[in-house]
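Atoms within a ligand are numbered from 1 in the order they appear, just like the ligands themselves. We count residues from 1, following the sequence as given.
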Amino acid sequence: MKYHIRLNKDLIRGAKTVILPGDPGRVEKTSKTIDPNSKYLASNREYTSYLSYIEGNPILTCSTGIGGPSLSICVEELADLGVENFIRIGTTGAIQEDIKVPSMIITTGSVRLDGTSLHYAPINYPAVADFGLTNILVDSCRKLNLDYKTGITASSDTFYPGQERYDSFTKYVRREFQGSLKELQKLNVLNFEMESSALLTICSVFGLKGASICSAIVNRTKTETPDDTVLELAEKNLADVVSLSVRNI
Ligand code: URA
């Protein structure tokens, strides 16, 4: 039994693919979109898991919690149980003016602003997504007629200073991060989130496949706070995309 995720080989039934939302609250809905008969497996700390079947093939959904440290535990333990394909789904803040809310952002590579990925590979090692899985995500967005963009994501360890947010407790952002939002915009980075760089780095280092798709719930060139209807639609769109995608892996 894996210590944190509370899963073992028996429970996951040989599943090779896992869908990884950050939020434990999204696991049931996501897995039941994949397969209405999905079954609850376990829940411990930030890790909640369900098992679905598609044409007899088991598919896991397991939450990672927020950020690289908790994600890395989840990926380590699932990899050790034999999982090979890791698809992150989550929400994100778009930083380019033309990105609509909620539209999909499929990460081809991540700017490694996080600390976790450094425990696995030096900073000059790229955080890149698996080409095959990424193509499947693109294809699903097309088939579902969802707005999407592919490109580079910035992955930060913090939601506030690391993403240069001033709507925080102190309203202060360290000098190192002041102006970072503008610079990332100029570098054609599409969005901010908190897990993709760790996931993509770890998967590459392990020789496994990782991909990431996020729904833009805010466009930071316009506002800092999402509204609830956008969040609901984001969650539904992500569940629909992965439900279609896992049928093509
Ligand atoms: N998640 C993030 O990390 N940043 C956002 O702006 C929205 C979701």
Side-chain angles (χ1 to χ4, degrees), residues 19-27 29-30 46 63-72 74 87-117 127 129 137 146-149 151-169 171 173-174 176-185 187-201 210-239 241-242:
I19 307 301
L20 301 168
D23 182 356
R26 291 200 190 120
V27 174
K29 197 159 173 188
T30 304
E46 57 267 69
S63 53
T64 63
I66 293 178
S70 63
L71 173 132
S72 74
C74 183
I87 302 176
R88 157 165 162 69
I89 58 171
T91 54
T92 188
I95 63 171
Q96 298 293 339
E97 254 175 43
D98 63 327
I99 298 177
K100 293 187 198 120
V101 168
S103 61
M104 293 296 178
I105 299 180
I106 300 166
T107 300
T108 53
S110 293
V111 184
R112 293 173 55 197
L113 304 177
D114 71 299
T116 302
S117 67
L137 294 173
L146 294 171
D147 265 319
Y148 72 92
K149 277 196 188 298
I152 297 172
T153 292
S155 228
S156 164
D157 265 349
T158 52
F159 185 83
Y160 289 100
Q163 301 185 22
E164 206 188 348
R165 284 175 180 272
Y166 295 93
D167 57 336
S168 59
F169 178 55
K171 321 270 183 273
V173 170
R174 269 190 60 201
E176 180 190 340
F177 294 115
Q178 289 177 25
S180 60
L181 177 57
K182 180 116 222 120
E183 183 175 34
L184 291 165
Q185 286 168 334
L187 296 175
N188 262 324
V189 170
L190 302 179
N191 62 314
F192 265 122
E193 51 78 82
M194 299 178 66
E195 291 82 15
S196 66
S197 57
L199 175 69
L200 302 181
T201 303
S212 178
I213 181 164
C214 288
S215 179
I217 52 164
V218 286
N219 186 314
R220 302 259 326 268
T221 66
K222 296 172 177 78
T223 178
E224 296 288 29
T225 27
D227 78 58
D228 285 348
T229 52
V230 168
L231 276 170
E232 222 173 279
L233 187 55
E235 188 177 353
K236 181 191 175 304
N237 289 344
L238 286 164
V241 168
V242 288

Quiz item: Do you know which of Val242, Val241, Leu20 makes side chain to side chain contact (heavy atoms under 4.5 Å, CB included) with Ile87?
Solution: Val242
Quiz item: So is Arg220 polar-close to ligand 1, meaning N/O to N/O under 3.5 Å?
Solution: no
Quiz prompt | Check: Ile95 and Val189 side chains under 4.5 Å, non-hydrogen atoms | solution = yes
Exercise. Do me a favour and list the nearest non-hydrogen protein atom to atom 3 (O) of ligand 1 with residue, atom name and distance?
Key: Gln163 NE2, 2.9 Å
Practice problem: Answer yes or no: is there a side-chain heavy-atom contact under 4.5 Å between Arg88 and Cys214? | Solution: yes
Quiz item: Does some side-chain heavy atom of Ile66 sit less than 4.5 Å from a side-chain heavy atom of Glu195?
Solution: yes
Quiz item: Against heavy atoms of Thr92, which atoms of ligand 1 measure under 4.0 Å?
Solution: 5 (C), 7 (C), 8 (C)
Self-check item: Which of the ligand 1 atoms, numbered from 1, are nearer than 4.0 Å to a heavy atom of Met194
Solution: 3 (O)
Quiz prompt | Protein residue, atom and distance nearest to atom 1 (N) of ligand 1, heavy-atom basis | solution = Thr91 O, 3.6 Å
Practice problem: May I ask you to identify, for Arg165, whether its side chain, its backbone, both or neither come under 4.0 Å of ligand 1 on a heavy-atom basis? | Solution: side chain
Quiz item: Going by heavy atoms in the side chains, are Ser155 and Glu193 under 4.5 Å from each other?
Solution: yes
Quiz item: Under a 4.5 Å cut-off applied to non-hydrogen side-chain atoms, are Ile89 and Arg26 in contact?
Solution: no
Quiz item: Which is closest to atom 5 (C) of ligand 1 by heavy-atom distance: Gly67, Gly90, Gly93?
Solution: Gly93
